[in-house]
Undergrad: 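Mind having a look at this structure? Questions to follow.
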2 protein chains.
Amino acid sequence: MTSLGSIDDIENSGVAMAGIEDVARAAGVSTATVSRALNGNPHVSEPTRKRVADAAAALGYVVSSNASSLASGRTKNIGAVVPHLNRWFFSSVIEGAERALLRRGYDLTLYNLSGSGDERRTVFENHLLRKRVDAVIAVSLELTEAEVGRLIALGKPLVGVGGPLPGVRTLTIDDRAVAKLATDHLIALGHRRIAHIGGDKEFDLDFHIPTNRRMGYQQALDEAGIPLQPALFQTADFTIAGGYRAAKQLLGAPRDRPTAIFAASDEMAIGSILAARDLGLSVPRDISIAGVDDHELADFFQLTTVAQFPDRQGELAVEVLMQALEPAPTPDALPEHDASATIPVPYQLVVRNSTSRPLDTA
Amino acid sequence: MTSLGSIDDIENSGVAMAGIEDVARAAGVSTATVSRALNGNPHVSEPTRKRVADAAAALGYVVSSNASSLASGRTKNIGAVVPHLNRWFFSSVIEGAERALLRRGYDLTLYNLSGSGDERRTVFENHLLRKRVDAVIAVSLELTEAEVGRLIALGKPLVGVGGPLPGVRTLTIDDRAVAKLATDHLIALGHRRIAHIGGDKEFDLDFHIPTNRRMGYQQALDEAGIPLQPALFQTADFTIAGGYRAAKQLLGAPRDRPTAIFAASDEMAIGSILAARDLGLSVPRDISIAGVDDHELADFFQLTTVAQFPDRQGELAVEVLMQALEPAPTPDALPEHDASATIPVPYQLVVRNSTSRPLDTA
DNA sequence: GTGAAAGCGCTAACAC
DNA sequence: GTGTTAGCGCTTTCAC
């Protein structure tokens with residue numbers, strides 16, 4: 001089983017793994033020069049660089065990241081903490097971040113910080129805080145001030161995605177503006193009885209996302225001179241099942257049924273579509289429904305939504321970190337932000353077939 | 001920003017990070033003993049062990065994983081390669097593996113090997129193959145023989161999840177048995193016209209999953225003496241949208257419509273349910289539908305399915321690796337398997353409301 | 001049961 | 001532009 005006789009063996013001819021000294025010998029230079037050449041240090045002549053690169057390739061040399069990290073203090077590894085993995089938003093952010101990191105030769109190690117007890121502390125102390133990662137990306141995770149402070153004291157750059165962290169740069173959509181946009185879309189279509197399905201207060205993964213989206217919704221109504229009606233507000237847990245239940249409440253009312261629903265997430269919006277169907281209502285003829293996310297199922301359900309781009313957010317988070325980790329030659333690559341600012345990320349209204357003019361407006 | 005005045009400061013009183021020497025001094029022992037005590041080496045007296053542990057705790061000492069790895073050759077980090085992250089199966093496996101690893105003090109570094117070109121090679125050569133990971137978990141990913149061979153030659157344990165890898169221990173459900181079970185369930189209910197939605201041949205992430213499930217389906221029909229009808233077979237891409245389209249084909253037929261559908265995944269089964277509804281058919285009255293997975297949406301759609309437990313599969317994969325990485329005191333902790341065997345994992349029929357007796361049988 | 005000391009394989013001063 | 005060399009912070013023989 002040791003040799004499968006593949007073409008790869010050619011590169012792997014030596015019995016033991018080649019070290020930097022083997023490369024140095026083969027290239028006729030010192031180990032210092034090998035290190036410099038391979039790390040893109042500018043003070044190496046082009047011919048030397050090439051000789052080293054060739055020798056390294058011929059020997060199948062790859063640096064030992066441990067030795068390198070130990071000597072340099074950099075691990076080329078970043079930690080990502082998430083509260084869950086199998087939800088669309090989180091896994092998309094991680095996918096985007098991972099892609100961006102790989103491109104730069106970094107690794108991504110994943111920490112699922114769901115348990116908030118001892119386990120969380122262990123991860124924090126033993127993994128994140130120490131020499132395993134150069135920086136951390138916190139996805140929709142509320143870190144305590146103490147946690148943030150220790151990371152910063154250790155000089156580890158930290159960036160948040162999906163919600164503001166105290167004193168930390170965070171990438172997030174403007175939840176309020178997003179909600180207002182969706183609601184405005186409904187208002188512009190002629191709707192006046194617009195319900196809202198927000199997030200449960202106890203939904204602890206987020207920051208003030210439910211509140212902010214509700215405020216955007218209210219603001220849109222305000223500006224249109226539409227009075228707020230408590231009966232048109234429900235909360236759920238951001239899932240399809242939750243949205244389904246909430247929408248049943250909203251749509252089952254015998255009178256003064258809303259003509260439109262703005263759900264704070266696509267999954268809840270999809271639940272609403274299914275609830276409407278089960279009640280014999282046609283979407284969008286009897287009821288218009290809009291969400292937020294552009295979830296992978298949004299297209300299938302022809303859902304009008306405000307898209308956010310979590311994978312792009314993950315990539316952006318990496319760019320922010322790289323700015324701190326590897327000061328660019330041109331320091332104005334990205335516009336500078338406050339160390340503790342919220343960095344807005346793009347969003348976009350995607351109109352599909354779940355919204356239209358209300359019937360009684362015709 | 002350096003001090004947030006939290007209680008954590010108590011533990012972190014020193015300005016610089018405590019090293020093993022600080023602990024040694026505080027405990028009045030040598031660094032060698034500190035190392036031994038902290039790593040559970042049996043040749044340390046109980047009092048000494050306690051003094052060291054206390055000193056370490058008081059100083060907030062945590063080993064530098066790089067230094068430790070460099071000296072010991074073990075990284076306490078395992079690599080997980082996946083073709084995608086934001087699909088239920090993959091993210092669940094990773095979540096399970098991550099949980100099991102954390103418990104043992106290991107990290108999980110994630111590699112998205114979707115690009116199959118140069119990027120893939122880079123990941124392989126520069127990350128997986130070298131001193132960054134002690135072992136690797138390959139989730140539903142077809143590694144080439146050369147790739148597998150090199151990993152093994154380097155002594156890195158490798159375990160697959162979700163599909164057989166050449167010469168590698170792999171955890172996977174018995175796809176054929178699972179499909180047969182689902183189909184048998186339908187047959188037992190009295191169905192004879194049972195359609196199957198399988199996976200596209202081009203669906204390259206898998207191994208022979210579509211084929212194996214189809215064979216299980218056929219075998220069940222065979223044994224029941226039900227002739228196979230090509231018209232009752234469709235393929236799709238394992239998604240809701242794909243299942244929807246395939247089911248429309250199956251159910252739109254003006255005559256000889258199937259009374260049941262066995263879809264090779266829950267997502268396709270859910271798509272089928274939605275297609276049936278759109279065609280005015282009632283599930284399960286007019287059409288019974290069964291899937292495979294027990295996807296998070298299965299319960300909401302009241303889908304009868306054969307559950308597999310991907311998070312458990314991830315945990316199991318970790319256990320298999322640990323057996324190789326950290327030979328247990330009692331070597332019979334887990335039943336021994338062939339180094340290259342397929343390890344079957346549990347599955348279970350979950351009957352909900354999407355299946356019932358066919359109408360014309362009553 | 002414990003200590004002394006030799007590396008692990010690199011990188012980064014510092015020379016030249 | 002390149003070489004010499006001193007560590008990085010641990011683990012692990014080898015003594016005792």
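Every chain is numbered from 1 and lettered A, B, ... according to where its sequence line falls, protein lines coming before strand lines.
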Undergrad: CD1 of A/Ile78 to NZ of A/Lys156: how many Å apart, nearest 0.5 Å?
TA: 11.5 Å
Undergrad: To the nearest 0.5 Å, tell me how far B/Tyr111 OH sits from B/Leu141 CG.
TA: 14.0 Å
Undergrad: Can you tell me how far P of C/dT11 sits from CD of A/Glu21, to the nearest Å?
TA: 13 Å
Undergrad: Please confirm whether the shortest side-chain N or O distance from B/Ser45 to OP1 or OP2 of C/dT2 is below 4.0 Å.
TA: yes
Undergrad: Working to the nearest 0.5 Å, report the span between CD1 of A/Ile152 and CD of A/Glu147.
TA: 12.0 Å
Undergrad: Counting the atoms with a prime plus P, OP1 and OP2 as sugar-phosphate, which does A/Arg49 contact under 4.0 Å by heavy atoms, base, sugar-phosphate, or nothing?
TA: nothing
Undergrad: Out of curiosity, B/His84 NE2 to A/Ser91 OG, how far, rounded to the nearest 0.5 Å?
TA: 11.0 Å
Undergrad: Assess whether a salt bridge exists between B/Asp107 and A/Arg132, defined as any Lys/Arg side-chain N lying under 4.0 Å from an Asp/Glu carboxylate O.
TA: yes
Undergrad: Report the distance from atom NE2 of B/His43 to atom P of D/dT12, rounded to the nearest whole Å.
TA: 13 Å
Undergrad: Rounded to the nearest Å, what distance is computed from the CG atom of residue B/Asn41 to the P atom of nucleotide C/dG1?
TA: 9 Å
Undergrad: At under 4.0 Å between heavy atoms, what does A/Thr48 touch on the DNA or RNA strands: base, sugar-phosphate, or nothing?
TA: sugar-phosphate
Undergrad: I need the residues from residues 26-40 of chain A with at least one non-hydrogen atom less than 4.0 Å from DNA chain C; give them sorted by number, or say none.
TA: A/Ala32, A/Ser35, A/Arg36, A/Asn39
Undergrad: Of the options D/dT12, D/dC10, C/dA12, whose atoms approach the side-chain atoms of A/Ser72 most closely?
TA: C/dA12
Undergrad: I want to check something: taking the side chain as every heavy atom from C-beta on, are B/Val159 and B/Thr170 in contact at a cut-off of under 4.5 Å?
TA: no
Undergrad: Figure out the CZ/P separation between A/Arg25 and D/dT2, and round it to whole Å.
TA: 19 Å
Undergrad: Looking at the side chain of A/Ile20, which of C/dG1, D/dT11, C/dC10 is the nearest nucleotide?
TA: C/dC10
Undergrad: Starting at CG of A/Asn66, measure out to OG1 of A/Thr75 and round the result to the nearest 0.5 Å.
TA: 10.0 Å
Undergrad: For the pair made of CZ in A/Arg74 and C1' in C/dT11, what is the distance, rounded to whole Å?
TA: 8 Å
Undergrad: I need the CG-C1' distance between A/Asn66 and C/dG7, as an integer number of Å.
TA: 15 Å
Undergrad: Side chain of A/Ala71 only, please: which of C/dT2, C/dC8, C/dT11 is the nearest?
TA: C/dT11
Undergrad: In this structure, how many angstroms lie between the P atom of C/dG1 and the CZ atom of B/Arg51, rounded?
TA: 15 Å
Undergrad: Calculate the interatomic distance between A/Leu70 atom CG and D/dG7 atom C1'; express it in whole Å.
TA: 9 Å
Undergrad: Respond yes when some side-chain nitrogen or oxygen of A/Ser68 is under 4.0 Å from OP1 or OP2 of C/dT11, and no when none is.
TA: yes
